[in-house]
Amino acid sequence: MKTQGTENMHKFDNPNALLTLEEVAEYVGCARSTVYRLVAEGELPRFFKIGKINFMRVATLRTFIEKREQSALAA
């Protein structure tokens with residue numbers, strides 16, 4: 001039987017996987033409310049909706065984080 005954390009680790013390994021708000025918060029290591037705030041401030045990419053659920057691709061989140069990291073290292 002897989003635990004929730006183990007299942008998400010496999011999902012995080014797939015760049016095409018769709019992450020929910022909760023999974024983005026887990027990936028980044030913060031609360032859902034912080035993810036909402038970071039998106040509103042432009043610190044994280046925007047979600048897209050399928051039905052009523054917000055999603056973000058793993059690849060989108062990784063690319064964004066890598067670019068931010070490169071900017072910070074170059075400063």
Side-chain angles (χ1 to χ4, degrees):
M1 184 168 147
K2 290 183 181 178
T3 64
Q4 181 68 21
T6 304
E7 184 177 307
N8 283 348
M9 289 307 293
H10 295 293
K11 181 179 254 191
F12 295 155
D13 290 339
N14 178 357
N16 292 316
L18 300 177
L19 301 178
T20 62
L21 172 67
E22 291 78 12
E23 291 167 330
V24 170
E26 180 182 343
Y27 189 90
V28 175
C30 64
R32 288 176 40 184
S33 59
T34 303
V35 172
Y36 278 124
R37 181 178 54 78
L38 292 172
V39 170
E41 294 172 352
E43 295 295 319
L44 282 176
R46 297 183 66 83
F47 287 87
F48 62 91
K49 282 191 179 252
I50 298 177
K52 295 182 179 182
I53 301 173
N54 291 313
F55 290 101
M56 184 182 301
R57 286 201 187 277
V58 170
T60 301
L61 185 56
R62 281 186 185 163
T63 300
F64 185 82
I65 290 171
E66 288 169 3
K67 285 180 182 178
R68 299 290 270 179
E69 183 179 32
Q70 290 171 359
S71 293
L73 293 173

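Hydrogens, waters and symmetry mates play no part in the numbers below; they use all other heavy atoms, side chains included.
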Inset, instruction - Answer yes or no: is there a side-chain heavy-atom contact under 4.5 Å between Leu19 and Val58? - result: yes
Could you list the donor-acceptor pairs under 3.5 angstrom formed between side-chain atoms of residues 65-73 and any protein atom two or more places apart in sequence or on another chain?
unit_1	atom_1	unit_2	atom_2	d
Arg68	NH2	Glu43	OE1	2.1
Arg68	NH2	Glu43	OE2	3.4
Ser71	OG	Lys67	O	3.1

Inset, instruction - Please name the pair of heavy atoms, one in Pro15 and one in Arg57, separated by the smallest distance, quoted to 0.1 Å. - result: O-CB, 4.2 Å
Legend entry - ILVMFWY network linking Leu18 to Leu21, side-chain heavy atoms under 4.5 angstrom: no
Inset, instruction - Indicate if Leu44 and Phe12 have the same hydrophobic cluster label, given that clusters are the connected sets of ILVMFWY residues with side-chain heavy-atom separations under 4.5 angstrom. - result: yes
Inset, instruction - List the atom of Cys30, the atom of Val35, and the distance in Å for their closest heavy-atom pair. - result: SG-CG2, 3.6 Å
Just distance, no hydrogens or angles: give the donor-acceptor pairs under 3.5 Å from side chains in residues 45-56, sequence neighbours left out.
none

